[in-house]
4 protein chains.
Amino acid sequence: MKRQSRNLRKKIIKAAQGVFAEKGFFKTAMSDIAGESGIAKGTVYLYFKDKSDLYVSSLDDHFGNAVQILTEVEQENISAKEKLQKITSLLLSYMNRFKTFPLFGFDNLNDADKVTKGLKSMMRTRLKQMIQLIAKIIDDGIKNGEFSSVDPEKTSVYFLNTIRAVLFAKFFIPGMTVDKSVGLELFFNGLKKRR
Amino acid sequence: MKRQSRNLRKKIIKAAQGVFAEKGFFKTAMSDIAGESGIAKGTVYLYFKDKSDLYVSSLDDHFGNAVQILTEVEQENISAKEKLQKITSLLLSYMNRFKTFPLFGFDNLNDADKVTKGLKSMMRTRLKQMIQLIAKIIDDGIKNGEFSSVDPEKTSVYFLNTIRAVLFAKFFIPGMTVDKSVGLELFFNGLKKRR
Amino acid sequence: MKRQSRNLRKKIIKAAQGVFAEKGFFKTAMSDIAGESGIAKGTVYLYFKDKSDLYVSSLDDHFGNAVQILTEVEQENISAKEKLQKITSLLLSYMNRFKTFPLFGFDNLNDADKVTKGLKSMMRTRLKQMIQLIAKIIDDGIKNGEFSSVDPEKTSVYFLNTIRAVLFAKFFIPGMTVDKSVGLELFFNGLKKRR
Amino acid sequence: MKRQSRNLRKKIIKAAQGVFAEKGFFKTAMSDIAGESGIAKGTVYLYFKDKSDLYVSSLDDHFGNAVQILTEVEQENISAKEKLQKITSLLLSYMNRFKTFPLFGFDNLNDADKVTKGLKSMMRTRLKQMIQLIAKIIDDGIKNGEFSSVDPEKTSVYFLNTIRAVLFAKFFIPGMTVDKSVGLELFFNGLKKRR
DNA sequence: CATGAATGAGGCTTCATTCAT
DNA sequence: TATGAATGAAGCCTCATTCAT
């Protein structure tokens with residue numbers, strides 16, 4: 001009954017994440033997702049209002065997992081720097097497994113249609129959660145002398161982008177292996193020569 | 001007549017950049033672009049093979065402009081750091097004016113359809129150009145003692161992502177003003193406390 | 001339990017009349033009716049074969065009420081003309097309360113599908129009943145010298161249309177108040193000048 | 001070019017009138033009409049915004065023809081009564097040929113959806129035209145002593161309904177032949193006995 | 001008797017692309 | 001070269017109906 005519904009909803013989301021990952025929002029047909037879920041087309045609409053809703057929901061699920069990862073790491077008993085390193089590893093690994101998960105970045109963020117509206121709203125919420133968790137880690141690092149006194153929240157945004165840069169390089173710059181250590185090294189030490 | 005062709009081609013690209021910026025690839029109709037160009041739908045196909053071709057071409061034009069900016073700055077007679085600062089300003093300003101120009105980042109980079117294929121190929125070429133120009137600046141900086149001895153190319157990638165992070169924050173994190181100086185500060189000095 | 005069945009059937013019909021009135025046959029969803037009845041969708045199918053059956057049944061109920069009205073008035077101890085006037089008032093009032101009840105008149109009477117077939121058959125039966133009752137009144141009027149010697153049945157048809165004309169005018173001709181007295185006046189006296 | 005367009009539009013309307021007549025609005029598929037017109041589905045949308053638009057347009061065409069008939073008869077040099085008789089004949093004959101043309105009367109006039117809205121608006125306009133033409137005839141009849149001094153417009157409404165009653169009877173009351181003379185007789189002379 | 005989750009056929013509409021002019 | 005009318009494939013979504021519980 002209710003239990004079963006939950007399961008099916010989850011099942012659809014999983015299928016959707018896979019298909020959206022492969023084809024993107026527009027080229028994905030609802031029938032693809034239904035087929036992948038092993039259910040009828042109409043059934044999807046019992047769980048999601050429309051394609052946009054399903055898309056946003058499937059991304060929200062990814063972000064939920066990311067937040068979960070951050071939450072857990074944040075509570076571990078290691079140094080701030082180690083936490084950031086661990087987060088980098090875990091998020092990269094997650095994104096590698098689930099290619100859809102766009103840490104951020106979409107074709108078109110200017111239009112005001114249904115998808116974008118839901119997406120923006122969802123992402124703002126989720127990113128706020130992520131940024132707050134990272135900011136807390138950075139703040140702790142500042143307090144215990146690991147980090148210089150930067151703005152924790154703004155720095156969190158850059159930290160997330162550092163992670164993204166790794167994927168980006170992998171995808172667009174063949175031959176260049178920008179593994180995470182390069183990005184983190186730069187993130188921690190900066191470009192300027194230290195004396 | 002060659003002259004005329006060129007002009008019309010340029011005109012279509014300009015129109016396409018505007019419409020794609022507003023609506024994204026999928027929601028943009030060829031007729032929108034034709035209308036915006038003041039020509040007939042069929043005429044667009046005399047200059048571009050198909051919608052994907054036009055899309056990639058319109059982005060390529062943007063990247064061409066970006067490369068042009070980098071080329072000019074690279075040749076200026078200022079410090080490496082100042083060059084990077086100037087590039088940041090100019091690219092951000094360009095992206096602000098032309099919202100479509102996605103320094104990088106699209107909905108879906110995993111699919112193998114027409115658009116992505118052309119896009120990937122074009123972007124790899126263009127990004128290589130950009131990265132080489134930036135790498136040269138960084139290399140100069142290293143040589144003259146401004147920067148520590150990082151990998152110039154990989155650092156370039158990270159540099160471009162830093163620029164992107166500014167736009168990203170602006171869009172997704174309302175209330176947070178992540179102006180470019182924060183990013184650059186971090187990029188140059190790193191997170192770790194310097195003694 | 002037979003009692004209970006009856007009640008639920010009646011309840012569904014009442015709900016159906018309301019929803020069909022508001023949305024028409026095609027735009028009404030079975031779930032709307034189920035919801036309005038406070039029961040589950042599947043349950044409706046225990047009482048009615050399909051949507052068409054329910055539609056025809058819900059109209060048949062209306063016609064049953066109309067026949068009831070005619071039957072009662074016919075037996076009253078007033079003049080034939082007064083009976084017709086009273087019937088006009090009562091039917092108009094009934095139709096006003098139950099907007100669905102289409103004294104007659106549907107979008108499409110030519111098709112041979114399920115709905116129309118059942119509808120036609122039901123309406124023929126019901127209209128025959130109504131016409132016979134009115135014809136009896138008219139016949140009495142002829143016999144007692146109130147009316148000229150028309151064909152009672154055919155005249156009954158025109159009488160019903162007279163009633164309908166009132167509703168029709170109200171709906172389609174804004175600003176024009178064709179109250180029942182106008183139609184009846186014409187029906188009784190005709191257009192030609194009497195000397 | 002423009003000429004051809006006009007023709008195709010007309011062709012589609014003719015096809016639409018036929019199919020709508022046979023199946024009604026909801027059961028008619030746009031593909032039916034396209035097929036009947038001998039063109040592709042998409043082409044219909046070059047001439048009509050959507051199905052509702054086509055429906056209303058196809059009925060408007062019928063009403064235009066009816067208005068044309070009235071206009072011509074009104075100008076003839078015969079008595080008012082003869083004009084009304086002629087109109088009755090011509091409209092009945094037209095409606096017989098084109099079964100769709102619903103002098104008036106649709107399933108559901110209460111809902112506020114697209115079809116009904118356009119339909120209502122169109123019909124109000126067209127009926128006003130028809131009523132004014134008939135009212136002029138009746139007014140002339142009153143002035144020249146043929147008719148008693150009724151309200152010309154309201155009587156026009158009633159007149160149109162009389163015509164409709166003929167079709168109605170034919171359809172719903174098998175075995176009863178209510179030819180037009182019965183209706184007109186009643187319309188002119190009324191039910192009450194004349195002395 | 002009652003439920004309501006699941007089904008899947010079916011219809012409207014969009015739009016990239018072609019081609020006769 | 002330029003046009004734009006015509007095409008028709010493709011996809012989202014609705015909803016009557018069924019059936020296992």
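Here is the naming used below: chain letters follow the sequence lines, and residue numbers restart at 1 for every chain.
- For the pair A:Tyr47 OH and F:dC13 C1', the interatomic distance rounds to 18 Å; values are reported in whole Å.
- Taking atom NZ on C:Lys23 and atom C1' on F:dC15, their separation rounds to 12 Å, with Å as the unit.
- Here the side chains of C:Thr43 and C:Leu8 are in contact, with some heavy-atom distance below 4.5 Å.
- In this structure, A:Phe25 places its CZ atom 13 Å from P of F:dG11, rounding to the nearest Å.
- Residues D:Thr125 and D:Ser121 come closest through the heavy atom pair OG1-O, 3.0 Å.
- Across residues 30-41 of chain D, D:Ile39, D:Ala40, D:Lys41 each have a non-hydrogen atom less than 4.0 Å from an atom of DNA chain F (numbered order).
- Map D:Lys49 and C:Val44 each onto its nearest nucleotide of DNA chain E; the residue landing nearer the 5' end is C:Val44.
- OP1 and OP2 of E:dA6 both lie 4.0 Å or more from every side-chain N or O belonging to A:Tyr45.
- If you take CZ of C:Phe26 and P of E:dG10, they are 15 Å apart, rounded to a whole angstrom.
- Taking for each of C:Lys51 and A:Asp50 the nucleotide of DNA chain F with the nearest heavy atom, the 5'-most of the two is the partner of A:Asp50.
- Of all non-hydrogen atoms in A:Lys11 and A:Ser37, the two that sit nearest each other are CE-O, 3.5 Å.
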Dot-bracket for DNA chain F, please, read 5' to 3', with Watson-Crick or G-U wobble pairs under 3.5 Å on both distances, ( ) within the strand, [ ] crossing, | other strand, . unpaired.
-> .||||||||||||||||||||

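- One interatomic measurement links the two molecules: NZ of C:Lys27 to C1' of F:dC15, which rounds to 13 Å at whole-angstrom precision.
- Place A:Ala29 and D:Thr43 on DNA chain F by their nearest nucleotides, and D:Thr43 ends up nearer the 5' end.
- Residue C:Asn7 contributes atom CG, which lies 12 Å from atom P of E:dC1 at whole-angstrom precision.
- Across all strands, C:Thr28 comes closer than 4.0 Å only to sugar-phosphate atoms, never to a base (heavy-atom distances).
- Residues C:Phe48 and C:Ile13 meet the side-chain proximity criterion, which asks for heavy atoms closer than 4.5 Å.
- Ring planes of D:Phe25 and D:Tyr55: tilted class, angle from 30 to 60°.
- Scanning all heavy atoms of the two residues, the minimum distance from A:Asp61 to A:Gln17 falls at OD2-NE2, 2.9 Å.
- When every heavy atom of B:Ala15 is checked against every heavy atom of B:Ile33, the shortest pair comes out as CB-O, 4.0 Å.
- Taking atom CZ of D:Phe48 as the reference point, atom C1' of E:dT14 lies 18 Å away to the nearest angstrom.
- Protein atom CG of B:Leu46 is 14 Å distant from nucleotide atom P of E:dT17, rounded to whole Å.
- With hydrogens and angles ignored, the 3.5 Å screen pairs no side-chain donor or acceptor of C:Lys23 with any backbone N or O of C:Ala29.
- Around atom NZ of C:Lys14, more than 12 heavy atoms belonging to other residues, nucleotides or ligands sit under 6.0 Å away.
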